[in-house]
Amino acid sequence: MRYLPLTPSDRQAMLAKVGAKTIDDLFADVPEAARLDGPIRDLPPHASEMAVERHMSRLAAKNQTAGDGPFFLGCGAYKHHVPATVDHIIQRGEFLTAYTPYQPEIAQGTLQMLFEFQTQVARLFGVDVANASMYDGSTACWEAITMARRVTKRAKAILSGGLHPHYVSVANTMAKFTGDHLVTATPTLTAEPDTADLIGQIDDDTSCVVVQYPDILGRIGDLSDLADACHAKKALLIAVVTEPVALGAIKSPGEMGADIVVGEGQSIGVGLQFGGPYLGLFGCSQKLVRQMPGRLCGETTDSEGKRGFVLTLSTREQHIRREKATSNICTNSGLCALAFSIHMTLLGEAGLRKLAAANHARACQAAERLSKVPGVELVSDAFFNEFTVKLSQEARPVVRALADRGVLAGVSLGRLFPEAAELANGLVVAVTETVTDEDIEALATGLQEALA
Amino acid sequence: MRYLPLTPSDRQAMLAKVGAKTIDDLFADVPEAARLDGPIRDLPPHASEMAVERHMSRLAAKNQTAGDGPFFLGCGAYKHHVPATVDHIIQRGEFLTAYTPYQPEIAQGTLQMLFEFQTQVARLFGVDVANASMYDGSTACWEAITMARRVTKRAKAILSGGLHPHYVSVANTMAKFTGDHLVTATPTLTAEPDTADLIGQIDDDTSCVVVQYPDILGRIGDLSDLADACHAKKALLIAVVTEPVALGAIKSPGEMGADIVVGEGQSIGVGLQFGGPYLGLFGCSQKLVRQMPGRLCGETTDSEGKRGFVLTLSTREQHIRREKATSNICTNSGLCALAFSIHMTLLGEAGLRKLAAANHARACQAAERLSKVPGVELVSDAFFNEFTVKLSQEARPVVRALADRGVLAGVSLGRLFPEAAELANGLVVAVTETVTDEDIEALATGLQEALA
Amino acid sequence: LEEPLLFEIGKLSNTGLDIEEVKAPASRLGGLERKADIGLPGLSEPETVRHYTRLSRQNYAIDLGLFPLGSCTMKHNPRLNERVARMPGFADIHPLQPVDTVQGALEVIHQLAHWLVTLTGMHSVAMSPKAGAHGELCGILAIRAALEARGDTRSVILVPESAHGTNPATAAFAGYKVENIPATKDGRVDLAALQERLGPDVAAVMITNPNTCGLFERDMKAISDAVHAAGALVYCDGANFNAIVGRVRPGDLGVDAMHINLHKTFSTPHGGGGPGSGPVVFSEALTSFAPLPFVEKTADGFALVEEETAGEHHARSFGRMVAFHGQMGMFTRALAYILSHGADGLKQVAEDAVLNANYILRSLEDVLDAPFAASGPCMHEAIFSDAGLAEGFTTLDIAKALIDEGYHPMTMYFPLVVHGAMLVEPTETESKDTLDQFIGALRSVAERAKAGDEALKGAPYYAPRRRLDETQAARKPVLVWNEPQQAEAAE
Amino acid sequence: LEEPLLFEIGKLSNTGLDIEEVKAPASRLGGLERKADIGLPGLSEPETVRHYTRLSRQNYAIDLGLFPLGSCTMKHNPRLNERVARMPGFADIHPLQPVDTVQGALEVIHQLAHWLVTLTGMHSVAMSPKAGAHGELCGILAIRAALEARGDTRSVILVPESAHGTNPATAAFAGYKVENIPATKDGRVDLAALQERLGPDVAAVMITNPNTCGLFERDMKAISDAVHAAGALVYCDGANFNAIVGRVRPGDLGVDAMHINLHKTFSTPHGGGGPGSGPVVFSEALTSFAPLPFVEKTADGFALVEEETAGEHHARSFGRMVAFHGQMGMFTRALAYILSHGADGLKQVAEDAVLNANYILRSLEDVLDAPFAASGPCMHEAIFSDAGLAEGFTTLDIAKALIDEGYHPMTMYFPLVVHGAMLVEPTETESKDTLDQFIGALRSVAERAKAGDEALKGAPYYAPRRRLDETQAARKPVLVWNEPQQAEAAE
């Protein structure tokens, strides 16, 4: 078998060395009754690379890919062009097949990269520091809520209606067990985000306000007043960014006063991948750093005085603190962080700004074009690369009908908020740099016919 | 522009250093009249990676690929499964972006690989030594003919009718200029290769006999008598192998007495690629080594006595010998040699034999099945993974008709020998391990309908 | 050669990408244009390739040599799986596409789920957890949901002293008190002590089997029976499933929930610390509490069960753990891995992993203290202690000296129950030749540590860095780069 | 760590591939079954990955640093081009498929051909030559065919002393006598001497422009005119086209044939010595003699003109040079490269290449002898000589010392017209920072060589190997591995 180097004669020699007659002797501690002697049920024997590749190809071919036609889905996962260099580098064995850098002397490649990544994320978010990544945006969001509880010693978190409903769902699930009190809301199809409502709800028990920017409907609004209101009550403002490319065009949450900024980094370098693996981004202000969850890479020196990098503040972590750890997280999303960092390095400030400008320009073009379709109404006039339209009928069947024509038209709010009938006509349309004039025309035409 | 690191301010600083006012000053030696000042005609300005990828994807999509359906083409290029490991390794920058190993101290990776490659090729061919690869099989074949001239000091080469007609064409082209005298023939649709005819033609002026094994019609026959006949007249036997996988099942030309064995290595590790880059293989007996063309890697030691490898016998080569070189070749096919060597290492003797057995078994299945189709007659009963059938009508339109049904049925002899009307009904069918039962059935059914 | 930081070589105006300018209608950014510099330097493409290629060469990796980290299962990552994960049909689909446009993706999840359930002998599997610790949390939440569903408010989870740190951390995160279970001298859970502690306040026991001492818990079934008799549930840490896959099914041992590290047993690449993937298999008792979303086969194809479609029979689900459906990119790799090995191969995996570990144990027990050498064969990892080293010499010295021998060190100081523990897991993808060389290297280092060779304490000498000062890093953490003048000003 | 040879670690029975057994009907091998061992050891997949990964790390490469080999144009290889070449529509098509199933492939060839003709200002292009030297041969054969077609039996080709070795070798291979043309002191072709030599026996002149001294041949047009006036033709070695692409068109200078190294100017990867690709552009005079096959645009799409279809208007083709259609895998990369750069980018390529070379020349001329420093600006490469080094110190010492500084050496001892030549070509894909560091390193090495620092003669010290004994290798060549006992017996 191609992955197993031992030969039958190796096995014999090694059994002799360990003093066992057969391999079964080494499983002697397994109770007789629990030993499997027969083959694994239904599983065929080992297969050639060619056969496995064929099997997987057949499954892959059953999916309609984002590249197959006009594509407008967003809502927490965005299709961007990922440069070939990114995939080339992350496939280098030295990155791909390394472990967590517990032995820093022979892991400086990963560690320096993480240090650079942390710096990139902190600057993008406009905060002081960032960690070495987390599972994804939704879990990073929940970690931020628990961090706010640790910092403020309060248990009430106010979640904006503009927060991704799946993120809300994750937080609700966790809060059931931790006893956090979450105040949640459903968004409304209005032009403005719910900032004013949020400000009104902050009280002395509030640990934090969680607001998404741009929000689930694509809307953007200034967070400064909200931040001030939070700070007035000694609560923290947590901003969630699911489309980091936006921060190449619009102010960062940190600039506007957010204390913790978390996000989903998938947009930069990672790709769609049906939802995972993705990349949780987590940054905060310097004064909160010792309550920050997840791995951190820090600068230090070696015994000869040379600069080097190590994992640090591990006294917060489970392998040292066990049940007193800030989080049970043991894994980050290292390879995705690498992909993000490479893509960001290729972009640089100049490229990121151009990319963001291209996204926004495309989105404006699409918004303008779709506004002209009878039965389509643009909900908000301040957005980045994603906006919501209200259709003259339920959006979900419209999306289905367009998919059959090869147009993946966006995310229907009926899919995201199945219980909110008032949102059922909403369609969230994401328009990135990958969208062409023809794509926009195909969407407009498709909508026109579906709504006719 | 993404590949150009100089910034405008770098350029200014550098111009100042070199004492030029503008970049045009550096092109002062170009006569005014020859300077291009305007843009390049019709060529658009630089394009994004995404745009270029789209352009190339659209072109790629216009081709019907070997993986799109049943596939039976051979005649010098074969579809085999190439393991994912091969492409992974050849994309490592240290292999992909290295130059010819002229500085051996920092090129041992390439050099050791070439030494291993040479050993693998020599053993596969059953000869003493092999070079570090050449452009492709057809040019290696011509180099062998000129080498035979240098060794024997005779200019008449006898080429078997079973030699790939494009290889014959290359040799004919070159011979026009070098004054070599080539005796060529057209194959006949008979069961046996033309060994007996060849033996009859050898005389005291003959430098070499060139025979393909398996031949262009897929036929195989023992070369021993031919080798003896060559040697009796002090001529060399050159064997050409266009399907090296065959040598995992059948005797090597070296074992049967060939003096020089050349071949096309594309089958192992390289892939189809519409004909190039491919991999010329070249091996010969030890006593001919100093007349061998192309790069050679040899073992030596460094100043501390450690084993190492260098390019050697370069006194044969053009950069030293200039007009007295054995060949004008300067480039080998290093990356393809690496791919070949990795694939061969993954196979090993055991894997190569199993692969060859699988190819032969599939071919036998196909031969058996096609023999049952009315109007299809099997030409030879001794073959490896490729055989010729004689159809009841011209093969070329049949191949065309089947292509429209998604079946790439093989190579018609009308394509290869446009001037030999007597071969027009011949179809050469290659059957590798990638062919399935369903593929064979699709071919049989397709032929049956096309010939009905 | 030293590789500078990106921030030392990049410039804000440099870029390695050409981005087409799109003619924009009037901007609609609501007055939020970002004006100040962000501070993100760029590099051209050639500089980028070189920066990261050079950085990569400062890493050790499984592609370069043995990576014997106990409990981490660093085995070969097949390149086929990388190719498969990148097929556009898997890599280029959006998690919120209409389900009939992603039937192949759902089928992958369904197939992998089927084989995970089959291999573990369990009843169902939750695919969405993003890593091992996330899987642990999933399992404990399901246990808590099940207990709450029957009105049970048990508050304690028992964890062996030798457990992974994630176990107590997870239990605490889920709101439980954690109590330790002692081990017997032979390195296994003390069944009698456990039985004594069990009571109406105990919600669950978390056991690692094979355990972190590298031993199979012989009494696993008795433990499970006792736990169940006390009204509690059994969580099994599946990090070490590599040792028994195809040979033992946890379901046959009474386990109620177990996570599976796809990046360990099923060889998805570690990538310098993730992404992982931690599906959790459940017994019938816990199945109805499993989290959303999951995939179900229906008459029409494959359905994605989310909040809205959960309906009656999934009403007891404890909720959602992640935004989307889990680590699809790891599912494709793991499925390809399972199909490549097949029934015979997976069994061979466990056998060779165990054989390799025992070979190391028996080849070194004369020179290194092996505290459980008499406890029977080890499973997939061998454990040694620092007993017998010369005064002042530690496990750390041995680890750093191994670096100079060309190897990644073993896991150090874990599990905590063994003093100066060295946990060595070779995995099944190492050849006998490689093991022999490693044994030779470790033997030589161990002999030097016993002989008190002071040179060891300076190791590593031949790595990209000498020993790094971790205390300094933690005392005043520098987590981001700052321009030198800023950094100075801050001091 | 030393990496053993495959033959020292592999076994005949080992394999890294699982191959399905196919039920065979009776074998039809005609009694030719191979029975004896072939002698091809195998490795499992993990061992294979490790063997080649470790080997790769003993190489220097452009991905690791500057590779200033003059005349070799080692520039960055874009990763997009690797992706493009691997698209199944290009990588997985057979050269003998019916032409209507490969229209996209033919269109790639046609488009690339179009841009090559446009960029060079020539009339047509032969795409099939497999490398630069093969292209030279193609050009010379076309010239010979053209001369023969007019009944002209000229027998001499004139080549400058400074030409690439392939030039005279090619001319000789094509049956010509080779005579040298002298150079002037300023490093250019001596026009007067050339004019004097021209006569009815001269078939062609082979000129490299920019030449191998890094200089533009100012008199190129005059040379061409003189050659044409004498009834001969002009071949231009296009190895250095990188310096002038987008700025000068060889067609405007009277060139009749020129090869283009796609792996130089158009950045297809060198791959440790190939594959290359050497299309040849032709003037109108030579077009009808171009080799088969080629692609033509027709009303129906793209046609592949081969022997059978060549017909009347191609009856003068000199024949076929390779089995199939050339280096498709390089065509896709080169086309992607041209489209990526576009009209502005290609011009910038030449400008930056020339600027970088002049920057090196002017930054080092104070410490290294630059024989043509006064001959005007250099083009894409700067040349230095060994004049002024301390007694007994050579170009080789400088080259090997550069290895220890972390760089690949420049081209040594070429061109022959400069004593101890050092030919430095940075290319346009190097940054100013990189050049400054390289200049610093070369300056320091040069100063040590001038000061007579004996340590230089032992360099390299920090490479995978110290200086290797090339004489020993050539005296008794060992080109293949033999089992130690055999090897000993043979001695």
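Fair warning: this is a prediction, and the values are worked out from it, not measured in the lab. Numbers restart at 1 for each chain; the letters A, B, ... are given by sequence-line order, proteins then strands.
- Contacts of A/Asp302 classified as side chain to side chain contact (heavy atoms under 4.5 Å, CB included), with partners at least two apart in sequence or in another chain: A/Glu304, A/Lys306, C/Arg465, C/Arg466, C/Leu468.
- Annotation: maximal heavy-atom pairing with chain C below 4.5 Å, among A/Val310, A/Asp10, A/Leu6, occurs at A/Leu6.
- Below 30°, between 30° and 60°, or above 60°: for C/His134 and A/Tyr135 the angle between ring planes is between 30° and 60°, a tilted geometry.
- Pairing each heavy atom of A/His360 with each of C/Arg28, the nearest pair is NE2-N, 2.8 Å.
- Aromatic ring centres of C/Phe67 and C/Tyr60 lie closer together than 6.0 Å.
- For a residue to count as touching a neighbouring chain, one of its non-hydrogen atoms must lie under 4.5 Å from one of that chain's; by this rule C/Asn14 touches chain A with the backbone only.
- Partners of A/Ala249 according to the side chain to side chain contact (heavy atoms under 4.5 Å, CB included) rule, which considers only residues two or more places apart in sequence or in another chain, are A/Ala356, A/Phe384, C/Leu29.
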Do C/Arg467 and A/Ser303 pass the side-chain hydrogen bond (donor to acceptor under 3.5 Å, both in side chains) test, and can you show the C-alpha distance, the side-chain angles, and the key distance before you say yes or no?
CA-CA 6 Å; C/Arg467 285 195 204 187; A/Ser303 60; over 6 Å; no

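- At a 4.5 Å heavy-atom cutoff, the contact between C/Val248 and chain A is made by backbone and side-chain atoms alike.
- Remark: C/Arg247 qualifies as a cation-pi partner of A/Phe27 under the 6.0 Å distance and 45° angle criteria applied to the six-membered ring.
- For A/Thr139, the part sitting under 4.5 Å from any heavy atom of chain C is the side chain, from C-beta outward, and nothing else.
- Neither the backbone nor the side chain of C/Leu361 comes within contact range of chain A; no heavy atoms are under 4.5 Å apart.
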Next item on the list: Decide yes or no on side-chain contact (heavy atoms from CB on, under 4.5 Å) for A/Leu73 and A/Lys79, but give the supporting numbers first.
Entry: CA-CA 8 Å; A/Leu73 277 77; A/Lys79 175 175 169 63; over 6 Å; no

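- At a 4.5 Å heavy-atom cutoff, the contact between C/Phe173 and chain A is made by backbone and side-chain atoms alike.
- Counting only heavy atoms from C-beta outward, the side chains of C/Phe90 and A/Thr65 never approach each other to under 4.5 Å.
- The most heavy-atom pairs under 4.5 Å with chain C, out of A/Ile342, A/Val399, A/Leu15, come from A/Ile342.
- The shortest side-chain heavy-atom distance between A/Thr312 and C/Glu470 does not fall under the 4.5 Å cut-off.
- Interface residue C/Glu82: only side-chain heavy atoms are found under 4.5 Å from chain A.
- Only the backbone of C/Ser13 comes within contact range of chain A, judged by heavy atoms closer than 4.5 Å.
- If you measure heavy-atom distances from C/Trp115 to chain A, the contacts under 4.5 Å come from the side chain alone.
- One side chain, C/Asn59 or A/Thr110, offers a donor N or O that lies under 3.5 Å from an acceptor on the other.
- Counting heavy-atom pairs closer than 4.5 Å to chain A, the top residue among C/Gly10, C/Gly132, C/Ala171, C/Gly246 is C/Gly246.
- For C/Ser277, no part lies under 4.5 angstrom from a heavy atom of chain A.
- The two residues C/Pro464 and A/Ile106 make their nearest non-hydrogen contact at CD-CG2, 4.3 Å.
- Using a 4.5 Å cut-off between heavy atoms, C/Pro98 contacts chain A through both its backbone and its side chain.
- Interface residue C/Ile403: only side-chain heavy atoms are found under 4.5 Å from chain A.
- Highest contact tally toward chain C, considering only A/Pro39, A/Cys297, A/Cys336, A/Ala357, is held by A/Cys297 [criterion: heavy-atom pairs under 4.5 Å].
- With a threshold of 4.5 angstrom between heavy atoms, A/Tyr167 approaches chain C through side-chain atoms but not through N, CA, C or O.
- Contact tally against chain A (heavy-atom pairs below 4.5 Å) for C/Glu21, C/Arg57, C/Arg83: the top residue is C/Arg83.
- Contact of A/Asp25 with chain C is made through the backbone alone, with heavy-atom distances under 4.5 Å.
- The candidate from C/Glu20, C/His408, C/Lys11 with the greatest count of non-hydrogen atom pairs under 4.5 Å with chain A is C/His408.
- A/Gln103 and C/Lys400 share a side-chain donor-acceptor pair at under 3.5 Å.
- For C/Ala174, the part lying near chain A is the backbone, with the side chain staying farther off; criterion is any non-hydrogen pair under 4.5 Å.
- Residue contact with chain C, scored on non-hydrogen atoms closer than 4.5 Å, involves the backbone and the side chain of A/Ala358 alike.
- Top candidate by heavy-atom pairs under 4.5 Å with chain A, chosen from C/Gly175, C/Gly30, C/Gly329, is C/Gly329.
- The parts of A/Leu247 that come within reach of chain C are both its backbone and its side chain, each placing non-hydrogen atoms under 4.5 angstrom from that chain.
- Both the backbone and the side chain of A/Leu347 come within less than 4.5 Å of a heavy atom of chain C.
- Using a 4.5 Å cut-off between heavy atoms, A/Arg92 touches chain C through its side chain atoms alone.
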### Residue pair C/Asp252, C/Lys221: steps toward the salt bridge (Lys or Arg N to Asp or Glu O under 4.0 Å) verdict
CA-CA 8 Å; C/Asp252 296 337; C/Lys221 190 73 176 65; over 6 Å; no

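- Heavy-atom distances place both the backbone and the side chain of A/Met14 under 4.5 Å from chain C.
- Ranked by heavy-atom pairs under 4.5 Å with chain C, the first of A/Leu408, A/Val411, A/Thr301 is A/Thr301.
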(request) For the pair A/Glu299 and C/Gln472, evaluate side-chain contact (heavy atoms from CB on, under 4.5 Å) and give the outcome as yes or no after the intermediate values. (result) CA-CA 9 Å; A/Glu299 186 181 320; C/Gln472 175 194 331; over 6 Å; no

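- Closest approach of C/Asp92 to C/Gln97, counting heavy atoms only: O-OE1, 4.5 Å.
- Only the side chain of C/Leu253 comes within contact range of chain A, with at least one heavy atom under 4.5 Å from a heavy atom of that chain.
- Of all the listed residues (C/Glu107, C/Arg362, C/Lys130, C/Glu45), the one sharing the greatest number of non-hydrogen pairs under 4.5 Å with chain A is C/Lys130.
- No part of A/Ser133 comes within reach of chain C, as not one of its non-hydrogen atoms sits under 4.5 angstrom from that chain.
- Ranked by heavy-atom pairs shorter than 4.5 Å toward chain C, the options A/Gln120, A/Met113, A/Glu433, A/His164 are led by A/Gln120.
- Across every non-hydrogen atom of A/Arg295 and A/Gln118, the tightest pair is O-OE1, 4.2 Å.
- Heavy atoms of C/Met87 lying under 4.5 Å from chain A belong exclusively to its side chain.
- Most heavy-atom pairs under 4.5 Å with chain C, from the set A/Ile250, A/Ile220, A/Leu335: that is A/Ile250.
- Note on ring orientation: taking the six-membered ring where Trp is involved, the planes of A/Tyr3 and C/His76 are tilted (angle from 30° to 60°).
- Closest heavy-atom contact between A/Gly248 and C/Ile38: CA-CD1, 4.2 Å.
- Contacts with chain A were tallied for C/Asp63, C/Leu32, C/Val22, C/Thr15; C/Leu32 has the most, counting heavy-atom pairs under 4.5 Å.
- Using a 4.5 Å cut-off between heavy atoms, C/Phe7 contacts chain A through its side chain alone, with no backbone atom that close.
- Residues C/Gln103 and A/Asn63 come closest through the heavy atom pair N-OD1, 3.4 Å.
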